[in-house]
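One structure below.
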Amino acid sequence: MDCTFCHLIRDDAARWVARGPVASAFAPLNPLAPGHTLVIPTAHWADIFDVPPEDFAHAMALVQQVAAAMRTALKAGGVNVLNASGPGSEQSVPHLHFHVVPRWPDDAFSTWPTQRSRHQIADAPVTQLADAMTTTHAR
């Protein structure tokens, strides 16, 4: 496997914020803001569809811990947690990861999409999702 994040873990080649057996956090090469951190499962999982619930839970717990540290240590007013999963999402590295970006009122950028999707779905998408959730949870 030729995964950038797996190489960082194996070679201990990142600027680590936290390292653990199930989830780790490190600084990206080109941060969006001071303290921007990537949180990843330590094992290789491609995306949110691939990861087992236990590893996902560990990664999300670390996201929450990093966010809390940003609020206290960096005096951030909030955070954005960003993830792209799957080939249709603009996922840049095929290893599940979450960007935790500290935010301040004067940071002069937005991480919220500025346009709406042009994609159309014939039937009611909320109904389709609710039906899929019922089917999935009934198994």
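Position 1 is the first residue of the sequence, and the numbers go up from there.
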Are [X] and [Y] in one and the same hydrophobic cluster, where Ile, Leu, Val, Met, Phe, Trp and Tyr link if side-chain heavy atoms are under 4.5 Å apart?
X	Y	answer
F49	V63	yes
M60	V66	yes
L62	V81	yes

> Yes or no on side chain to side chain contact (heavy atoms under 4.5 Å, CB included) for F56 and W45, after CA distance, side-chain angles and deciding distance?
Replying inline: CA-CA 10 Å; F56 182 76; W45 301 108; over 6 Å; no
> When you look at CG of L29, are more than 12 heavy atoms from neighbouring residues, nucleotides or ligands closer to it than 6.0 Å?
Replying inline: no
>> Counting only heavy atoms from other residues, nucleotides and ligands, does the tally under 6.0 Å from CD of Q64 exceed 12?
In response: no
I need the minimum non-hydrogen distance between [X] and [Y], along with the two atoms involved.
X	Y	result
P102	P34	CG-O, 3.0 Å
M70	V101	SD-C, 4.4 Å
A59	V39	O-CG1, 3.5 Å
H44	P94	CE1-O, 3.0 Å
L96	S85	CD1-OG, 4.0 Å
S89	G86	OG-O, 2.6 Å

Give a yes or no on whether the backbone of [Y] and the side-chain of [X] come within a donor-acceptor separation of less than 3.5 Å.
X	Y	value
D55	V51	no
E54	V22	no
H95	V93	no

> With sequence neighbours left out, what residues match D107 under salt bridge (Lys or Arg N to Asp or Glu O under 4.0 Å)?
Replying inline: R103
> Could you walk me through whether I40 and I9 pass the side chain to side chain contact (heavy atoms under 4.5 Å, CB included) check?
Replying inline: CA-CA 10 Å; I40 62 172; I9 293 165; 3.5 Å; yes
> Between L74 and W104, is any pair of side-chain heavy atoms under 4.5 Å apart?
Replying inline: yes
>> For a 4.5 angstrom cut-off between non-hydrogen side-chain atoms, does H58 reach P21?
In response: no
> Can you list every side chain to side chain donor-acceptor pair (under 3.5 Å) pair that touches residues 17-38, not counting sequence neighbours?
Replying inline: D12-R19, S24-T42, H36-H99
Distance, nearest 0.5 Å, that separates [atom1] of [X] from [atom2] of [Y]:
X	Y	atom1	atom2	answer
H97	I48	NE2	CD1	12.0 Å
D123	D131	CG	CG	10.0 Å
N80	F98	CG	CZ	14.5 Å

>> Checking D2 against H7 for the side chain to side chain contact (heavy atoms under 4.5 Å, CB included) test, could you report, in this order, the C-alpha distance in whole Å, the side-chain angles of both residues, the deciding distance, and whether it holds?
In response: CA-CA 8 Å; D2 193 33; H7 283 288; 2.9 Å; yes
